[in-house]
**Student:** 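Just dropping this structure here.
Computed over heavy atoms, backbone and side chain alike; hydrogens, waters and symmetry mates excluded. Remember, it's 1-based here, ligands and their atoms both numbered in the order they're listed.
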Amino acid sequence: MSLVVQKFGGTSLADAERIRSVADHVARTRRQGFEVVVVVSAMGRETDELLHLAAQVSDVQPGRELDMLITAGERKAMALLCMALAELDCPSSSFTGSQAGLITDTLHTRAKILEVRSERLRQALESGRVPVVGGAQGVSSDRDVTFLGRGGSDTTAVALAHALGADVCELYTDVSGVFTADPRIEPSARKLRELSFEEMLEMSASGCPKPETRSVEFARNHAVPLHVRSSFTWEPGTWVVSAEEAEKRRAEESSMEQAIISAVVHDTSEAKVTVTHVPDRPGIAARLFRSLADEHVNVGMIEQNVSIGGTTDISFTVPKAFLDVSLQVCRSHAEEIGANDVLADPDVANVSLIGAGMKTHPGIAATMFETLADEAINIEMISTSPIRISCVVHSDDVERAVQSLHAAFGL
Ligand code: ASP
Ligand code: MG
């Protein structure tokens, strides 16, 4: 029998009616002859609300207690969904992350999965039940409840799909799939029928909000096919599969020449830091970026120019939430590394073109820069991978950048 993991996000479970509609779908999938394992997120905005409540109660939030609090959201959702399934005569059992055998490290609020001991879920399946697992949670090697981080339910779902050998991991959300651009900015954006893991990973790391980046990484590493789709319309969504499989599906779909670019993605969550007049000698960048790493700053793009007169400017981007600590680190090192000044620019945005075809097609960067130039949009930084070109622009320009690139590349 085919096994499918179905993960439902917060909006899919926002109220009683939504939970009943999800239960209907799970029961229907079973009647179609599939074995089903369900992973649930917390209802609606509950995770945000719990975090807000914690902040109101205390300025001191020990990680262990925060994880205990947040994971209660998923626990509520899984019990309610099992009740809705019971009413449909679909036998099910809820499991916390710990009960489901998700063993994690001890890093509270952003734990990593170390191992999945899936015996209990297998037993539930063998006895004809649908296991409903609380997402984004596990139990640490210290036997404490852990939370995997925001969006971590996607990772739970992919990890279970891999451990149980599922045929597909379906990620249900409030949009009908992955789009060629954010439809709120570009109304003509189209749903993509398929993407390769690599393309999805680049998109997710460049600002595409769903699925969560870590889950895509896991899916790629273990070749778990993903199907990102809507729990409101239940229509087929976007498949994320291996590059070969994506190629095959595209060829089956149309005889037309395949698009070189798959999507344009933007990200407004980062800020830019510039350290000016840094002496151009070995060890300077090493010292600066080691100190940032020690403060858990996840640096995005980095740019260093050729030196003029023995000094150079180093610019890099960081998540806005890490701007203050990044500035502190840079300023505390400025004198030691002989830098002139540390400048912060929070009003930046990143716009990226992604497509496996750019590997073999010259001129993509040129067209991208010309398109931005025609819009009089200044490019502040550029970075590339074999299947991505990203530009940092002023945040006021980002919507125009997305719209003009979407048109220029015929998406
Ligand atoms: N409910 C958690 C969050 O909102 C986990 C998840 O949805 O994946 O971050
Ligand atoms: Mg969520």
**Student:** In this structure, does ligand 1 have an atom that sits under 4.0 Å from one of the heavy atoms of G151?
**Tutor:**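 For ligand 1, residue contact (heavy atoms, under 4.0 Å) with G151 is present.
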**Student:** Based purely on interatomic distance, does G152 place a nitrogen or oxygen under 3.5 Å from a nitrogen or oxygen of ligand 1?
**Tutor:**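 It does: an N or O of G152 is found under 3.5 Å from an N or O of ligand 1.
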**Student:** If we only count N/O pairs under 3.5 Å, is K7 in contact with ligand 1?
**Tutor:** no
**Student:** Is the count of non-hydrogen atoms from other residues, nucleotides or ligands lying under 6.0 Å from D294 atom CG greater than 12?
**Tutor:**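 Yes, because the 6.0 Å sphere around CG of D294 holds more than 12 heavy atoms from other groups.
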**Student:** Examine F316 together with F289 and report whether their ring centres are nearer than 6.0 Å.
**Tutor:** yes
**Student:** Suppose I only count heavy atoms of R150 and a 4.0 Å limit; which atoms of ligand 1 are within that range?
**Tutor:** 3 (C), 4 (O), 9 (O)
**Student:** State, without any angle test, whether R120 and S118 hold a side-chain donor-acceptor pair at a distance under 3.5 Å.
**Tutor:** no
**Student:** Determine whether more than 12 heavy atoms belonging to other residues, nucleotides or ligands lie under 6.0 Å from atom NZ of K320.
**Tutor:** yes
**Student:** With heavy-atom distances below 4.0 Å as the criterion, list the atoms of ligand 1 near A136.
**Tutor:** 5 (C)
**Student:** So, does G135 sit close enough to ligand 1 that a heavy atom of it is under 4.0 Å from the ligand?
**Tutor:** no
**Student:** Is the H296 to F322 ring centre distance short of 6.0 Å?
**Tutor:** no
**Student:** Would you mind running through ligand 1 and noting each atom that sits below 4.0 Å from a heavy atom of E74?
**Tutor:** 1 (N), 2 (C), 5 (C)
**Student:** Above 12 or not: heavy atoms from other molecules or residues under 6.0 Å from NZ of K191?
**Tutor:**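 Correct, the count exceeds 12.
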**Student:** Does S153 approach ligand 1 within less than 4.0 angstrom via side chain, backbone, both or neither, non-hydrogen atoms only?
**Tutor:** both
